[in-house]
Amino acid sequence: MATIEELSPSASGPVSTRPLEDEIDEDEEEDLDETLVERLWGLTEMFPESVRSAAEVSAQCSVSMLKKFYSFSRSALWVGTTSFMILVLPVVFETERLQLEQQQLQQQRQILLGPNTAVSGGMPGMMPPALGKM
């Protein structure tokens, strides 16, 4: 067993925690030459081949599913838009036209028969309903 004196830093000599200035400059130059992609590729080597292949397969599946979803959403948007234009817009235009015609008829009645007829909606010559009888 090692004694405490053998394990202490003072017994083994001076301990250097900082690298020399020359070593710092060389490390910085090496870091500048290495790109991010190269560094990430180097990090993949620390994983086993099975993990790397599983990650590659999952990434390929994700890209494939994303492409399929994009294609499906484009097709669905096209079908939905054209169906709306063919089936719904004619109905909307027709109801708008009918409302415009009714409004014009109401304005004609108001001009010809007076303002009370257009509001009550009654026909001229009709008796008003009796209020007391039910």
Side-chain angles (χ1 to χ4, degrees):
M1 281 192 116
T3 63
I4 295 178
E5 293 169 355
E6 291 174 355
L7 296 176
S8 68
S10 61
S12 63
V15 177
S16 173
T17 56
R18 294 183 68 198
L20 300 174
E21 293 298 322
D22 295 335
E23 293 176 6
I24 293 174
D25 292 337
E26 291 175 10
D27 290 340
E28 287 178 5
E29 288 175 11
E30 289 176 9
D31 289 342
L32 294 176
D33 293 340
E34 185 179 34
T35 64
L36 180 64
V37 174
E38 292 172 343
R39 185 171 285 197
L40 290 174
W41 187 256
L43 287 174
T44 61
E45 295 174 355
M46 71 182 211
F47 295 108
E49 182 63 32
S50 61
V51 172
R52 285 186 277 178
S53 63
E56 182 180 359
V57 167
S58 66
Q60 288 175 350
C61 286
S62 297
V63 169
S64 174
M65 292 298 289
L66 201 69
K67 286 181 180 179
K68 287 179 183 179
F69 177 74
Y70 176 70
S71 174
F72 173 75
S73 64
R74 283 180 44 191
S75 299
L77 183 64
W78 173 255
V79 168
T81 303
T82 54
S83 298
F84 176 79
M85 291 174 72
I86 292 171
L87 299 173
V88 177
L89 281 181
V91 173
V92 170
F93 290 144
E94 189 64 25
T95 55
E96 186 70 27
R97 188 181 63 82
L98 288 174
Q99 286 177 354
L100 185 62
E101 283 181 6
Q102 287 177 355
Q103 185 180 9
Q104 287 175 348
L105 285 173
Q106 188 177 15
Q107 286 176 352
Q108 286 177 354
R109 281 187 196 150
Q110 186 178 10
I111 291 171
L112 293 175
L113 304 173
N116 291 335
T117 307
V119 174
S120 65
M123 295 292 290
M126 289 185 64
M127 301 279 294
L131 296 176
K133 298 180 181 177
M134 263 193 119

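By convention here, the first residue in the shown sequence is residue 1. The figures here come from the full heavy-atom set of this structure, side chains too, leaving out hydrogens, waters and symmetry mates.
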Tell me whether S83 contacts the main-chain N or O of G80 through its side chain, where contact means a donor paired with an acceptor under 3.5 Å.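 No, S83 side chain to G80 backbone: no donor-acceptor pair under 3.5 Å.
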T81 side-chain N/O to L77 backbone N/O, donor-acceptor pair under 3.5 Å: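 Judged by distance alone, yes, a pair lies under 3.5 Å.
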When you compare the side chain of E38 with that of T35, does any pair of heavy atoms fall below 4.5 Å?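 SC-SC contact between T35 and E38 confirmed.
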Does some side-chain heavy atom of E56 sit less than 4.5 Å from a side-chain heavy atom of Q60?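 Side chain of Q60 against side chain of E56, heavy atoms only: contact under 4.5 Å found.
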Working to the nearest 0.5 Å, report the span between [atom1] of [X] and [atom2] of [Y].
| X | Y | atom1 | atom2 | value |
| --- | --- | --- | --- | --- |
| E101 | Q103 | CD | CD | 11.5 Å |
| F47 | S53 | CZ | OG | 13.0 Å |
| L43 | R39 | CG | CZ | 8.0 Å |
| C61 | K68 | SG | NZ | 9.0 Å |
| Q107 | L112 | CD | CG | 12.0 Å |
| L105 | Q110 | CG | CD | 13.0 Å |

Are V79 and I86 connected in the hydrophobic side-chain network, where two residues link if heavy atoms are under 4.5 Å apart?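 In one cluster with V79: I86, no.
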Could you see if F93 belongs to whatever hydrophobic cluster contains M85? Use Ile, Leu, Val, Met, Phe, Trp, Tyr and a side-chain cutoff under 4.5 Å.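 Looking at the clustering, M85 is in the same group as F93.
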Chi angles and distances behind the side chain to side chain contact (heavy atoms under 4.5 Å, CB included) call for R97, L100: CA-CA 5 Å; R97 188 181 63 82; L100 185 62; 5.7 Å; no
